[in-house]
Amino acid sequence: MDNNIQDKNKSFLNFDNMITPKIIQILFYIGLAITLVIGLVMIFSGESIFGGLVVILVGPLLIRVNCELIIVIFKIHEALQDIRYK
């Protein structure tokens, strides 16, 4: 069991395992909440109902696409690591 813990610590310190994809998922949900709040504020403040709806509908889509692109980069890294260690 100690070897397993040491292996995990070693892989963490050597950056063998990426934790960023999990962080990106959290950031997606934070961005989603922020986008919805901004859209609702725009609608209820009377600033722009149409603009608020656009922010609510398009904002989460753009955030999702950006997060997926970043995760794809990390998936490519993992695939290259698998090829390297075969």
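Values in this document were obtained by computation on a predicted structure and should not be read as measured data.
Pro60 and Leu32 make their closest contact through CB-CD1, 3.3 Å (heavy atoms, listed as atom of the first residue, atom of the second, distance). Val55 and Thr35 get closest at one heavy-atom pair: O-CG2, 3.2 Å. Closest heavy-atom contact between Ile63 and Gly31: CD1-O, 3.4 Å.
Sorted by first and then second residue, the pairs that involve residues 51-73 and meet salt bridge (Lys or Arg N to Asp or Glu O under 4.0 Å), not counting sequence neighbours, are Arg64-Glu68.
Transitive grouping of hydrophobic side chains (ILVMFWY, heavy atoms separated by less than 4.5 Å) keeps Phe50 and Val37 in distinct clusters. Taking hydrophobic clusters as Ile, Leu, Val, Met, Phe, Trp and Tyr residues chained together by side-chain heavy-atom distances below 4.5 Å, Leu36 shares a cluster with Phe44. In the hydrophobic clustering of this structure, Leu69 does not group with Phe74; members are Ile, Leu, Val, Met, Phe, Trp, Tyr whose side-chain heavy atoms approach within less than 4.5 Å, directly or through other members. In terms of hydrophobic clustering, with Ile, Leu, Val, Met, Phe, Trp and Tyr side chains grouped at heavy-atom distances under 4.5 Å, Met42 and Ile34 are assigned to a common cluster.
Atom CZ of residue Arg84 and atom CG of residue Leu80 lie 9.5 Å apart, to the nearest 0.5 angstrom. Here the NZ-CD1 distance, from Lys75 to Ile73, works out to 13.0 Å after rounding to the nearest 0.5 Å. To the nearest 0.5 angstrom, Ile24 atom CD1 is 5.0 Å from Ile70 atom CD1.
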Audit row: Ile56, Ile43, side-chain contact (heavy atoms from CB on, under 4.5 Å) steps and yes/no: CA-CA 10 Å; Ile56 289 174; Ile43 290 171; 3.8 Å; yes

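The 12-atom threshold is exceeded at CG of Leu40, counting heavy atoms of other residues, nucleotides or ligands nearer than 6.0 Å.
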